[in-house]
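This report concerns only the one structure given below.
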Amino acid sequence: MRNFIYILFFLPVFTFAQEEKTHLQQGNAHYAKGEFVEAENNYKKALEINPEYEKAEFNLGDALYQQKKYADASEQYNRVISSTDNDDLKASSYHNLGNAMAESEKYEEAVEAYKNSLRINPSDQDTRQNLSMTTKMLQQQQQEKEQEKDENKDSKEDKKDDSKK
């Protein structure tokens, strides 16, 4: 009789765990086919069942990234970073956050995300390569801003000279 009570008690928990995994697997299948909206929807369903399901959180970020929803993907990766104790997942989330920031041309934030990933996993060559490439893009962006600033300054000085004549 006691075993029967335990079964009745744990059956709903087991059912929900199976259901969240089913949604994750369906999401993964859609993702593999390039059906990113469907994947997103399945990951969200898994998270409705278990809001702390880290795999679904991370994969949802990937599905959003593939849809070029970089701000939403960044937000999702930040959720994983702040909630997980799993170093591999945290390093991967920082890496992907860096990718989303770089795609948004937020190179400073991207560089910082890649550095955070490398602090956790210093041997990740992909992250190291992305950091190098993004650092160059940041330097180029800063040079362009400086040139634009100089051109604006020159333009203002030309206007002052014209008004004196």
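No hydrogens, no waters, no symmetry mates; every other heavy atom, side chains included, goes into these values.
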Handout entry: Short side-chain donor-acceptor distance under 3.5 Å, S74 and D72
Key = no
Handout entry: E52 side, atom CD; T84 side, atom OG1 - distance, nearest 0.5 Å
Key = 11.0 Å
Handout entry: Test item: I81 and F58 side chains (from C-beta on) under 4.5 Å apart, heavy atoms
Key = no
Problem - Member of Q67, Q66, H30 meeting the side-chain hydrogen bond (donor to acceptor under 3.5 Å, both in side chains) criterion with E40 - result: Q67
Exercise for the section: For D124 and T127, work out which heavy atoms get closest and say how close. Expected result: OD2-OG1, 2.9 Å
Handout entry: Test ring pair (Phe, Tyr, Trp, His ring centres under 6.0 Å) applied to Y70 - qualifying residues, sequence neighbours left out
Key = Y65
Handout entry: Side-chain touch E20/L24, heavy atoms, less than 4.5 angstrom
Key = no
Exercise for the section: Identify the two heavy atoms, one from A46 and one from A56, that lie closest to each other, and give their separation to 0.1 Å. Expected result: CB-CB, 4.0 Å
Exercise for the section: Nearest 0.5 Å please: distance from the CG atom of D87 over to the CZ atom of R119. Expected result: 14.0 Å
Exercise for the section: Quick one: list whatever passes side chain to side chain contact (heavy atoms under 4.5 Å, CB included) with N41, sequence neighbours left out. Expected result: V37
Practice task
Could you check if a side-chain atom of V80 sits within less than 4.5 angstrom of a side-chain atom of K90, using non-hydrogen atoms only?
Solution key: no
Problem - Carboxylate-amine/guanidinium contact E75 R79, below 4.0 Å - result: yes
Handout entry: Heavy-atom side-chain proximity of N78 to L97 below 4.5 angstrom
Key = yes
Fill in the blank from the handout: Taken in chain and number order and not counting sequence neighbours, the residues that satisfy ring pair (Phe, Tyr, Trp, His ring centres under 6.0 Å) with Y94 are none
Fill in the blank from the handout: Output for pair (L89 CG, S83 OG), nearest 0.5 Å, gives 7.5 Å
Practice task
State whether K33 and E38 are salt-bridged, where the test is any N-O pair (Lys NZ or Arg NE/NH1/NH2 against Asp/Glu carboxylate O) under 4.0 Å.
Solution key: no
Exercise for the section: Could you tell me which residues satisfy side chain to side chain donor-acceptor pair (under 3.5 Å) with H23, sequence neighbours excluded, listed by chain and number? Expected result: none
Fill in the blank from the handout: Partner of N28 under side-chain hydrogen bond (donor to acceptor under 3.5 Å, both in side chains), picked from N59, N42, D62, is N59
In residues 98-108, what donor-acceptor pairs under 3.5 Å come from side-chain atoms, sequence neighbours left out?
from, atom 1, to, atom 2, distance (Å)
N99, OD1, Y114, OH, 2.5
N99, OD1, N130, ND2, 2.9
N99, ND2, H95, NE2, 3.4
S104, OG, A100, O, 3.1

Exercise for the section: Give, for atom CG of N116 and atom OG of S93, the distance between the pair rounded to the nearest 0.5 Å. Expected result: 11.5 Å
Practice task
Report yes if the side chains of K45 and Q26 come closer than 4.5 Å at any heavy-atom pair, otherwise no.
Solution key: no
Exercise for the section: Using side chain to side chain contact (heavy atoms under 4.5 Å, CB included) as the criterion, list what pairs up with T135, not counting sequence neighbours. Expected result: V111, L131, Q139
Exercise for the section: Could you check if a side-chain atom of Q129 sits within less than 4.5 angstrom of a side-chain atom of Q125, using non-hydrogen atoms only? Expected result: no
Exercise for the section: Using the rule that two of Ile, Leu, Val, Met, Phe, Trp, Tyr join whenever any of their side-chain heavy atoms come within less than 4.5 Å, decide whether Y77 and L118 are in one cluster. Expected result: no
Practice task
Working to the nearest 0.5 Å, report the span between NZ of K149 and CD of Q142.
Solution key: 11.5 Å
Practice task
Compare all side-chain heavy atoms of F36 with those of L64 and state whether any distance is below 4.5 angstrom.
Solution key: no
Exercise for the section: Please indicate whether E144 has more than 12 foreign heavy atoms, meaning atoms of other residues, nucleotides or ligands, lying under 6.0 Å from its CD. Expected result: yes
